[in-house]
Amino acid sequence: MTNAYGVGTDQGAGQDGSGNRDGGTVLRTHATAVLATGSALLSVPLALALHSAACGTLPPVLAPLLPLAPFVWPLTAAVAAGGAYAAVRRGRTRRRPAAPPPTAAAPAPVPADPAGLPAPADHFTGRAIETDAVLRLVRIGHRAIAVTGAPGTGKSALAVRLAHELRPLYPDGRLYADLGGGRGEPSAPAAVLAVLLAALGAPAEEQSGTSDALAARFRGRTAGRRILLLLDDAADAAQARALLPAGEHCLTLITSRDALRELPEATPVPLTPLTEPDALALLAAVAGPVRPASGAGRVEAVAPTAEGDHARAVVHACGLLPLAVRVAAGAARSRPTGRIPALAGRLAAERDRLHHLRLGDLAVRGAFEAAYAALDPGDRALLRGLGASPAARVTVRIAAAAAAQDPAGIRSGLDRLADAQLARPAGPDAYRLHDLVRLLAAERFDHETSPADRRAVLERILAACTEDAAGHGSRAWGLAEQHAVPHLVRAAVREGLHHRAHGLALAADAWLDGRPGQSPRIAMWSAVLDAARRSGEQDWTAHAMRGLGSAYAHEGQLDRAVDHLGMAAALQRHAAARTEQTATRRLLGAVLSGAGRHEEALRELRAALEGCRAANDTVGEAEVLCGLGVLHLDRRRPDEAIDCLERALPVLARHTGDTAGLADARRHLGTAYAQTGGFLPAERQLHSALALYRRDGLTAGEGWTLRELGRLEEQRGAYGAGAVLHRAALAAFERAGLGAGIAAAAETLGDNLQVQGDQLGADEEYRRAAAAHRLLGDPAGEAEVRRKLGF
């Protein structure tokens, strides 16, 4: 029998209140024994009488015993009677266990299996590391373990599963109580203790009293016993502490959204979102399989399939949270066709995502709203302010700007959000919000803040982001939050904060230039271009055109890059700042060179070189010389390329902190030496460039350098070593998300494998290169690769 707290009790069947068997059972046993004994006693003389009547004498075997007849038959009858009586008693004993001795005290009631534990969740996925951690803590004797984490991370599912797995180790009982912390209705410790005491057999008079008295009785009842107690959804450390048992062999599993830092008795096991493979496996298990990965032990979406891409989009839109993935999968399961692609489409828009993550009365928003409601007013205001920033990671400076507080005083508020599992530290001066928490904060910011206040908060955040991007911490900020920049710039344009939008774009572009994936940069400068056209600012238009041209060049879209850079150069022709015009023409020359328009490129670069010399811009002159060196390489004039690059290299090494520019110069110089047959200087320059790229995490440059090193090995005739380097280059481009690099590296690897006689491998790489060209919108490149495939 189980009560409202999920605690069960049981008594042994066939016993009275004292633990003895009833009297009817005893009488039936004795009566049966008497009948069996009488039958045995009569059977011996009856058998002898029948033999004498038939034969006229005793059986021959008994004739010698005739003088002893008065003694033998009673002895024989006694042995038979004893055997019959023992057989009856054994049968009775097998059918019913013997009652405990009358002098033994009856044991206290024990919660019955399954003791009210909730059933384990269906399709439980992942959590191998956390499961192993809990089991290890149990093995070494920890008495209390706290499974903590943000709403929706699956704390209860893991704890219930562990409780069922650990059941055999705790034969004296398994107790469960839902403490209601996440619902904002925490149960009073006294009420929970009263129910737990009842389950342990305490009489009614012991089930009432103060919380301290009940806790003392509960500890007394659990002392010396092996009991597992699951306290689910604890509100805080104080609530959980009052419910801890006393037995040194008891185990308490606690789940809580609170970090429970004030409960040192419990060893924490924090939960984070699932890994991508585990989230995909959960999605497939609940919604139906996506596509099994060949040779893998788990269900996983496969990258080349559209279904796999949509599945990845779904689980990342869910923030890899088990609750959100389950809800999304349940919603998709009801659709007969196109389930995962349709779901991915619905979840793509951030503004409506929480609305779609709902299934019946199960809603992801509700889990986060309960946590939001539990905050004090000041912390709710802070979380709302953070919702004005589209960045999941916020620096202390940005948080202080959002809340209009001093940075030194904002940390305590951020720490309280971390204790509530709504934020987590992400470095010495930054915190990270889960995407779904950020979306809830953004909703609250829009609904609970006046338009004037929203504009003021956004302006302060833009100023703080611009300072972060321009300051010493720009690298760490930019790598984590590059996708937030275009959202901020667009929000600034919508609010009419055009100067703020332009300032942030200028500060952010310095490190967005050349980073993996240029789509955020394209979106950012497109928003600035929109603002420039609205405000009529010609300089802003030129900046936006130049930024877009540079981004398109990095993406390999050279024709679009030439168009935008040409417009930027035309707008800057009459500009007062010759330096900007020169820089634009230098970049335009480099892109024209890459597009094979060598004469136009030479004209632009020579004009840029004259401009730098007229302005006595030594560094700019060195950068233009690098561009001329690349152009001469494309024109197959390596000696002229070496001359330009050797003149530029010392200036770049002494006077700039531009690692990418210096590494690019060394890479091109290495390529030029390789074209002249100077393998040793080529190798030296290429390895120097590779070290610079890797030191600063410039993955795209690493890929280009590895490709050149692979070509160098091929020139030496070492095609196997070249293939290894080409594969490494391809992997680097894939990490960088650079389509042009993927196309180039795959085609080069295909050429290598074809020379080695591996036509199947070559064709596979050619197909990869053709697909990359197609995605880039480069029909000429795709046609060239398909020609190698024989199409």
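Between the side chain of Gln239 and the backbone N or O of Ser187, at least one donor-acceptor pair lies under 3.5 Å. A donor-acceptor pair is defined here as one N or O able to donate and one able to accept, closer than 3.5 Å; such a pair exists between the side chain of Arg174 and the backbone of Tyr170. The main-chain N or O of Ala234 is found under 3.5 Å from a side-chain atom of Ser256 such that the two form a donor-acceptor pair. When atom types are taken as modelled, the side chain of Lys155 and the backbone of Ala150 share a donor-acceptor pair closer than 3.5 angstrom. A donor-acceptor pair under 3.5 Å is formed between the side chain of Arg241 and the backbone N or O of Glu262. Arg353 places a side-chain N or O within donor-acceptor distance of the main-chain N or O of Leu347, the cut-off being under 3.5 Å. Counting only distance, with no hydrogens or angles, the side chain of His434 and the backbone of Gly319 share a donor-acceptor pair below 3.5 Å. With hydrogens and angles ignored, the 3.5 Å screen pairs no side-chain donor or acceptor of Glu555 with any backbone N or O of Leu738. Side-chain atoms of Asp233 come within 3.5 Å of backbone atoms of Gly182 as a donor-acceptor pair (strictly under, hydrogens ignored). In terms of modelled atom types and a separation under 3.5 Å, the side chain of His164 and the main chain of Pro118 share a donor-acceptor contact.
Counting heavy atoms from C-beta on, the side chains of Leu280 and Val325 never come closer than 4.5 Å. Between Thr153 and Thr148 the shortest side-chain heavy-atom distance does not fall below 4.5 Å. Residues Leu282 and Pro322 are in side-chain contact: their nearest non-hydrogen atoms beyond the backbone lie under 4.5 Å apart. A heavy-atom distance below 4.5 Å is not found between the side chains of Leu253 and Val147.
A distance of 11.5 Å separates CZ in Arg490 from CE in Met524, rounded to the nearest 0.5 Å. The CG atom of Leu229 lies 8.5 Å from the CG atom of Leu251; values are rounded to the nearest 0.5 Å. Here the CZ atom belonging to Phe218 is positioned 6.0 Å from the CG atom belonging to Leu200, to the nearest 0.5 angstrom. Remark: Leu382 CG to Leu414 CG distance equals 5.5 Å, nearest 0.5 Å. To the nearest 0.5 Å, atom CG of residue Leu439 and atom CZ of residue Phe445 are 14.5 Å apart. One distance of note links CG of Asp172 with CZ of Arg226; it measures 8.0 Å at 0.5 Å rounding.
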- Task: Could you please spell out the steps behind the side-chain contact (heavy atoms from CB on, under 4.5 Å) verdict for Leu417 and Leu375?
- Result: CA-CA 8 Å; Leu417 292 181; Leu375 299 173; 3.8 Å; yes

- Message: One pair to check against side chain to side chain donor-acceptor pair (under 3.5 Å): Thr395 and Asp429. What are the steps and the verdict?
- Response: CA-CA 6 Å; Thr395 62; Asp429 292 308; over 6 Å; no

- Task: Test side-chain contact (heavy atoms from CB on, under 4.5 Å) on Val314 and Ile340 and set out the steps.
- Result: CA-CA 8 Å; Val314 167; Ile340 300 300; 4.3 Å; yes

- Take Arg384 and Tyr372 through the test side chain to side chain donor-acceptor pair (under 3.5 Å) and record every step on the way to the result. CA-CA 10 Å; Arg384 286 197 303 273; Tyr372 174 78; 2.9 Å; yes

- Query: Step by step, would you call Thr125 with Asp278 a side chain to side chain donor-acceptor pair (under 3.5 Å)?
  - Reply: CA-CA 6 Å; Thr125 304; Asp278 286 339; over 6 Å; no

- Query: Please walk me through it: do Arg444 and His447 pass side chain to side chain donor-acceptor pair (under 3.5 Å)?
  - Reply: CA-CA 5 Å; Arg444 293 297 184 181; His447 296 157; 5.7 Å; no

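Contact check on Glu747 versus Arg768 returns no salt bridge, with no Lys/Arg side-chain nitrogen under 4.0 Å from an Asp/Glu carboxylate oxygen. Glu443 and Arg365 are joined by a salt bridge, as a carboxylate oxygen and a charged side-chain nitrogen come within less than 4.0 angstrom of each other. For the pair Glu764 and Arg767, the salt-bridge criterion is not met [side-chain N within less than 4.0 Å of a carboxylate O]. The pair Arg735-Glu702 meets the salt-bridge criterion, with a side-chain N (NZ, NE, NH1 or NH2) lying under 4.0 Å from an Asp/Glu carboxylate O. In summary, Arg312 and Glu276 engage in a salt bridge, as defined by a charged side-chain N under 4.0 Å from a carboxylate O. Looking at Arg416 and Asp379, a side-chain N of the basic residue comes within less than 4.0 Å of a carboxylate O on the acidic one, giving a salt bridge. Salt-bridge check for Arg183 with Asp178: passed, with a basic side-chain N closer than 4.0 Å to an acidic carboxylate O. Look at Glu165 and Arg161 and you find no salt bridge, because none of the NZ, NE, NH1 or NH2 atoms lies under 4.0 Å from a carboxylate O.
For CD of Glu448, the number of neighbouring non-hydrogen atoms (other residues, nucleotides, ligands) closer than 6.0 Å is greater than 12. Other residues, nucleotides and ligands contribute at most 12 non-hydrogen atoms within 6.0 Å of the CG atom of Leu760. Taking a 6.0 Å sphere around CZ of Arg143, one finds it holds more than 12 heavy atoms contributed by other residues, nucleotides or ligands.
Closest of all the heavy-atom pairs between Ala240 and Leu263 is CB-CD2, 4.0 Å. Closest heavy-atom contact between Ala729 and Leu706: CB-CB, 3.8 Å. The minimum heavy-atom distance between Leu433 and Leu386, with the atom names listed, is CD1-CB, 4.0 Å. Nearest heavy-atom pair, Leu730 versus Ala746, reported as atom, atom and distance to 0.1 Å: CD1-N, 4.1 Å. Taking both residues in full, the closest heavy atoms of Ala328 and Leu357 are given as CB-CD2, 3.9 Å, listed atom of the first, atom of the second, then distance. Heavy-atom minimum distance, Ala329 versus Leu283: CB-CD1, 3.7 Å.
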